[in-house]
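What follows is a set of notes on a single structure, which appears directly below.
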Amino acid sequence: MGRIGNAFDIMRLRGRVATTWVRLGCAVALAIPAIGLASVGATSAADPDSVPAIGAESYWLPLPVEEIEAPESLDDPPGAAAGFTMRATIRAGRAAIRRVAASRMGRSLLVELSLLGEGAASQAGTISLRGIHSGLSVVGGRLGARGSGSLFLEAVGLSRRASRVPAARAEEPSLEAPSTAASPSIEGIGLERSQRPGARIPGVWTLVGRRVEDGAKVGALGIRGAFGHGSWGASAGALEGAPAGAIACELRSAAGAAACEMAFSREGPATLFSAESAPGPLRIRGRWRQRGAGMRRAACELSVDGGPRIAHAKLLVGGGPSGPIGAAGRAELECRLAFRGAGPINLRAGRSRTEGFSAASGATVREERYAVLDASIARSEGRGFSLLATRRARDSAGGTRLGSSLGGRIELTWRGRGRLEVLVEAARADLAGGAAWGSGLFAGGSTALRTRTKPGVAASTRGALRLGRWQLGGLVEGREDERGRRASAATIWIQRALPGVAH
């Protein structure tokens, strides 16, 4: 853990601009050796279609749950629609069904039915009819929306803000059933018609209903089209009578991609811009957002990553709102080493600064230094062992509070039909206000960092078994509940793939 503590000095985020750039220059100097190794034998992308869409960014290490744009989707299984899905949880000796969904595909129509369980209102059912060839879909009941730009979805209350700046999007929206009772959604009806490949007629979508959390009236209408190596979209709607609208455009080429969103709402105008270079030895991503209200109206995020397969490094600098009454700034360096015959070694180290305000304590400022290490110790066919270590140092008016964790993960796979993952972690946190990170496993196969404020040892197990088109899975984990108490929970899921759909 001593080496991880020394990694805190890689980067520092200060209020003075001059000091910030000097320290960031030191971080860049540390990343140059890994980046410079890629100058020999590098090739550039020549096919514009090979450039991924804006925002298709992957992280080598898991992110904290509060930094994920849609954490409620972590329990959703990846892939296409399933013929049958059931997810249930067991907590404190009580079992509850969280979601049941079923689909049936005909020659020209796909019918889907989804029901949410405990913790949702009685109207938590969703039915959708999707035309396989026509691209026309009708969704009724409790429904949510993804895509069509993050600014517009925030303006009409269908998404939440994350601490990281999201990428601008001009993608085709998707109306679907919410994955959990806590997902931003409405009770109403929606209609969408996707644009066919090569067709000139743009796709359209609309929805109307009441927001689940407060009953506010929501209505929205949008169109989306494509042209050459780009796409565009326009949306308009209202939240409780307050109008909102947005336009978005995305361009792609062999050199990279760029996208822009402009929106207006009751909070004023907002702009979001994203740009990134094509995959290659050195890749640069930039995001900038301007809001009409908030403590910090402007926010930006810049990341630079490069290097060969053996050594890769990414530098990220960002600052932006963490909520309506707070702001956050971040500077971090992420490195990845992958040796032949062994698994990768990933390290993320950085510093963040969070400013907030509350009626009880007034203005608050909190600085945090952190480091996360995930190292593959041994790996062979169907077996692997990894070491995970984290350390956090939180500075506030009351002093410095420390938190650290150390754990091991065993992964077993069997002929592509079975998978088992066992994780044991020991957390140590300052009882006066320290916090440590622990690995949170989710039913969808994802892993995110969860905050732990109590010292102790926790164990988690996740496994899945595939039998033909059926897949059975289970998850047992020890974590803290909403009040900070230790709790054990289990999740069981059953899924059956549709005929002809690869799983």
Separation between CG of L282 and CG of D305, rounded to the nearest 0.5 Å
7.5 Å
Judged by atom type as modelled, is there a donor-acceptor pair below 3.5 Å linking the side chain of T206 to the main-chain atoms of A220?
yes
Shortest non-hydrogen contact from A167 to E261?
O-OE2, 4.1 Å
Classify the side-chain pair T390/S405 by whether it contains a donor and acceptor separated by less than 3.5 Å.
yes
Please report the interatomic distance CG(L153) to OG(S235), rounded to the nearest 0.5 Å.
7.5 Å
If you measure from CE on M105 to CG on L110, what distance do you get to the nearest 0.5 Å?
5.0 Å
Carboxylate-amine/guanidinium contact R394 E367, below 4.0 Å:
no
Just by modelled atom types, is the L175 backbone N or O under 3.5 Å from a matching donor or acceptor in the E192 side chain?
yes
With distance as the sole test, does E332 use its side chain to make a donor-acceptor pair with the main-chain N or O of R348 at under 3.5 Å?
no
Please examine the side chains of L333 and K314, heavy atoms only from C-beta on, and report whether any two atoms are closer than 4.5 Å.
no
Looking at E411 and R419, is any side-chain nitrogen of the basic one under 4.0 Å from a carboxylate oxygen of the acidic one?
yes
Using atom types as modelled and distance alone, determine if a side-chain donor or acceptor of R266 lies under 3.5 Å from a backbone N or O of L239.
yes
Please report, to 0.1 Å, the donor-acceptor pairs under 3.5 Å made by any side chain of residues 176-186, with sequence neighbours excluded.
| unit_1 | atom_1 | unit_2 | atom_2 | d |
| --- | --- | --- | --- | --- |
| E176 | OE1 | S174 | OG | 3.3 |
| E176 | OE2 | R146 | NE | 2.7 |
| E176 | OE2 | R146 | NH1 | 3.4 |
| S179 | OG | E72 | O | 2.8 |
| T180 | OG1 | A182 | N | 3.4 |
| T180 | OG1 | S183 | N | 3.4 |
| T180 | OG1 | S183 | OG | 3.0 |
| S183 | OG | T180 | N | 3.3 |
| S183 | OG | T180 | O | 3.3 |
| S185 | OG | S183 | O | 3.2 |

Heavy-atom side-chain proximity of E421 to L441 below 4.5 angstrom:
yes
State which residues pass side-chain contact (heavy atoms from CB on, under 4.5 Å) with L113; sequence neighbours excluded, sorted by chain then number.
I127
Is a donor on one side and an acceptor on the other found under 3.5 Å between the side chain of R193 and the backbone of W205?
no
Taking S159 for the side chain and E154 for the main chain, is one N or O donor matched with an acceptor at less than 3.5 Å?
yes
Is a salt bridge present between R351 and E368, judged by a nitrogen-to-oxygen distance below 4.0 Å?
no
S150 versus R169, closest heavy-atom pair with distance:
CB-NH1, 4.3 Å
Thinking salt bridges, do E250 and R252 make one under a 4.0 Å N-O criterion?
yes
Would you check if W288 and L302 make a side-chain contact, meaning some heavy-atom pair closer than 4.5 Å?
no
Main-chain N/O of A168 paired with S274 side-chain donor or acceptor, under 3.5 Å
yes
Please tell me if the side chains of S439 and L388 come closer than 4.5 Å, counting only heavy atoms from C-beta onward.
yes
Decide yes or no on side chain to side chain contact (heavy atoms under 4.5 Å, CB included) for Q290 and L272, but give the supporting numbers first.
CA-CA 7 Å; Q290 175 72 31; L272 178 62; over 6 Å; no
Does any part of the side chain of L423, heavy atoms only, come nearer than 4.5 Å to the side chain of T447, both counted from C-beta?
no
Please determine if E276 and R283 form a salt bridge, counting it only when a charged side-chain N lies under 4.0 Å from a carboxylate O.
yes
For A448 against L74, the heavy-atom pair lying closest together:
CB-CD1, 4.4 Å
For S114 and R99, does a side-chain donor sit closer than 3.5 Å to a side-chain acceptor?
yes
For the residue pair S231 and R224, what are the closest heavy atoms and their distance?
CB-NH2, 3.5 Å
Shortest non-hydrogen contact from C260 to F273?
CB-CD1, 4.0 Å
Is there side-chain contact between V111 and S103, with at least one heavy-atom pair below 4.5 Å?
no
Please step through side chain to side chain contact (heavy atoms under 4.5 Å, CB included) for the pair W60 and D374, ending with a clear verdict.
CA-CA 9 Å; W60 303 324; D374 189 349; over 6 Å; no
cation_pi(R392, W437) dist<6.0 Å, angle<=45:
yes
If you compare all heavy atoms of I345 against all heavy atoms of S376, which two are closest, and at what distance to 0.1 Å?
CG1-N, 4.5 Å
Stepwise side chain to side chain contact (heavy atoms under 4.5 Å, CB included) test for L158 and L207
CA-CA 11 Å; L158 292 177; L207 60 85; 4.0 Å; yes
Do T491 and F442 touch side chain to side chain, with heavy atoms closer than 4.5 Å?
no
Which value, rounded to the nearest 0.5 Å, describes the distance between L373 atom CG and N346 atom CG?
8.5 Å
Pair V208-V218, side chain to side chain contact (heavy atoms under 4.5 Å, CB included): steps then yes or no:
CA-CA 6 Å; V208 60; V218 178; over 6 Å; no
Decide yes or no for L151 and R289: does some side-chain heavy atom of the first lie under 4.5 Å from some side-chain heavy atom of the second?
yes
How would you list all residue pairs meeting salt bridge (charged side-chain N to carboxylate O under 4.0 Å, His left out) that involve residues 207-221, not counting sequence neighbours?
R211-D214
Atom pair CD (E112) and CG (L129), whose distance is rounded to the nearest 0.5 Å
9.5 Å
